[in-house]
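First the proteins, then the strands, lettered A, B, ... as listed; each starts at 1.
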Protein chains: 2
Amino acid sequence: MSDVPQLPPSLLDITVFLLSKVGVAGRRRMGDGLKAYGIGLWDLAVLAALRDFGPASQGDLGVRLGIDPSDLVAVMDTLAPRGLVERTRDPRDRRRYSVTITSAGVALLDEALVAAAGVRDDVLAALDERERALLHDLLRKAFAGIEPRARAT
Amino acid sequence: MSDVPQLPPSLLDITVFLLSKVGVAGRRRMGDGLKAYGIGLWDLAVLAALRDFGPASQGDLGVRLGIDPSDLVAVMDTLAPRGLVERTRDPRDRRRYSVTITSAGVALLDEALVAAAGVRDDVLAALDERERALLHDLLRKAFAGIEPRARAT
DNA sequence: AGAATTCCTTGGTAAGAACCAATAATTTAC
DNA sequence: GTAAATTATTGGTTCTTACCAAGGAATTCT
């Protein structure tokens, strides 16, 4: 319990530094938390997009989520064989798939979102309920202010 | 200027998701901002540690900042030839270096910290002064609450 | 003095994400 | 009907970060 100043105050005064550190820690823990469900962060994003916006082609998903089409293939190859999404050829344009989330996919998404909340509570353990909500709102606002083009990562 | 909901609300409700996105964006912009000074994020951290805590051996720096000793070598090889730090053999133990920040190093650190503030203002453009301070405090608190062992990234 | 340990260094590995080029199948445009 | 564009896919590169293993130089232990 020694309060030795491990990190230089100069660094701790840099908001972006803290943002990055907490962000990376959160991202890694989120990845770990999702492993129990056999999915990754991109899989979660795709499931969420399909549930929130309905069926879409892989191209649409890529544009919306900022994922390269080629990377999306790996995601689909994870989700489809497990019956979490259904890939059917669009009859009006048989080049493209119509990707639909299944009921199993929705169920898993719900579980994963609960897990995500658990990860949040873990990473933000030092903050109380009100502070977490405040942080969320601030991040949301900041995120919305970032150039959409530069938002993809 | 269309306000089409690009990203699924389900994702935007995940604090860790926002944290990661804003964090990555910030980190990348910070890296870009520091390029003008010919240094990276680790270089900045080392300079800050040396100024805040005084001369140290590379081993100490590695432990304090959570950098692998082997990775620290590259940092030193960036800073030393430019005269930003001075590497002198500790006369009492000639295995270890005594790394000291130079006046040129302090000057560059100050400039880099100004640049860091600029990056913050850029990334958090959507937040006003008060909100930025609030966000900083929340992040600081959250960061302090993260397991020190898991804090290194 | 000899053995073990510490500090820095070199070099290589592994994981993760983003990115890009080329291709087959299909559709659209001319 | 032929050419051009689009969709999904394959296969690969690049970049960053973290991590590990071994070795030379110097110290400490016994």
Atom pairs, protein N/O to nucleotides 10-16 of chain D N/O, distance under 3.5 Å:
from	atom 1	to	atom 2	distance (Å)
D/dG11	O6	A/Ser70	OG	3.4

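Taking every heavy atom of both residues into account, A/Leu47 and A/Gly105 meet most closely at CD1-O, 4.3 Å. The two atoms that bring B/Gln58 and B/Met76 nearest to each other are OE1-CG, 3.5 Å, heavy atoms only.
Put simply, CZ on B/Arg92 is 19 Å from P on C/dT6, counting in whole angstrom units. Rounded to whole Å, atom C1' of C/dT27 lies 11 Å from atom CZ of A/Arg94. What separates CZ of A/Arg28 from P of C/dA17 is a distance of 13 Å, to the nearest Å. A/Arg87 places its CZ atom 10 Å from the P atom of D/dA8, with the value rounded to the nearest Å. Residue B/Arg64 contributes atom CZ, which lies 15 Å from atom P of C/dC7 at whole-angstrom precision. When rounded to the nearest whole Å, the span between CZ of A/Arg89 and C1' of C/dA25 equals 8 Å. Atom C1' of nucleotide C/dA15 and atom CG of A/Leu41 are separated by 14 Å, given to the nearest angstrom. Taking atom CD1 on B/Ile67 and atom P on D/dT17, their separation rounds to 11 Å, with Å as the unit.
One finds no side-chain N or O of B/Arg95 lying less than 4.0 angstrom from the OP1 or OP2 phosphate oxygen of C/dC7.
Looking at which nucleotide of DNA chain C each of B/Gln58 and A/Asp90 is closest to, the 5′-most match is held by B/Gln58. Each of B/Asp60 and A/Pro91 was matched to the nucleotide of DNA chain C holding its nearest heavy atom; the match closer to the 5' end belongs to B/Asp60.
Side-chain atoms of A/Val24 and A/Ser20, non-hydrogen and from C-beta on, do get closer than 4.5 Å to each other. By the 4.5 Å heavy-atom criterion applied to side chains, A/Leu135 and B/Leu18 are not counted as neighbours.
Each of A/Arg120, A/Arg140, A/His136 was checked for a side-chain hydrogen bond (donor to acceptor under 3.5 Å, both in side chains) with B/Thr15, and the lone residue meeting it is A/His136.
More than 12 heavy atoms of other residues, nucleotides or ligands lie within 6.0 Å of CD in B/Glu131, so this atom counts as buried by the packing criterion.
The closest side-chain donor-acceptor pair between A/Ser10 and B/Arg51 falls under 3.5 angstrom.
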